[in-house]
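Input: a single structure, listed below in structure tokens.
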Amino acid sequence: RYQRRVHGVFFAFASLPISHQTNKMTNGQKAAMQKAKKNAVLAKEKKKSDGPKTAQKMYICKKCYTQIAGTAKEPELRKHITDKHADATFEFCFPSFGQE
């Protein structure tokens, strides 16, 4: 038991106050904690450095410069032309369609 005198009165404590407790961690435990912390940091950095995401291919209408997703099929592109550009042709608006 630990005793402490405060204003002439003794107080008994079951253990030492936290400020007086010594670090009882062995060197092996310290090394394991440092290794785990380092591995966590490395995993976080690896997750960040997986590289930038590649930009999705976009079809750009040459008449109005509207961007349409590269996953769009030809009927969707033709619908854009009929809705917005009645006087334009498919080849004029999307010359890069089908070229890879």
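Computed over heavy atoms, backbone and side chain alike; hydrogens, waters and symmetry mates excluded. In this text, all values refer to a predicted model and were calculated from it rather than measured experimentally.
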With side chain to side chain contact (heavy atoms under 4.5 Å, CB included) as the test, pick out the partner of H85 among D87, T89, T82. D87
d(Q29 CD, M33 CE) to nearest 0.5 Å is 9.0 Å
Nearest 0.5 Å please: distance from the SG atom of C61 over to the CZ atom of F90. 10.0 Å
Side-chain contact test, heavy atoms from C-beta onward, threshold under 4.5 Å: evaluate it for [X] versus [Y] and give yes or no.
X: Y59; Y: Q67; value: no
X: K62; Y: C93; value: no
X: F94; Y: H80; value: yes
X: E91; Y: F97; value: no
X: I60; Y: T66; value: no

Tell me, yes or no, whether the heavy-atom count around M58 atom CE, taken from other residues, nucleotides or ligands under 6.0 Å, exceeds 12. yes
What are the two closest non-hydrogen atoms of A88 and I81, and how far apart are they? O-CG2, 3.6 Å
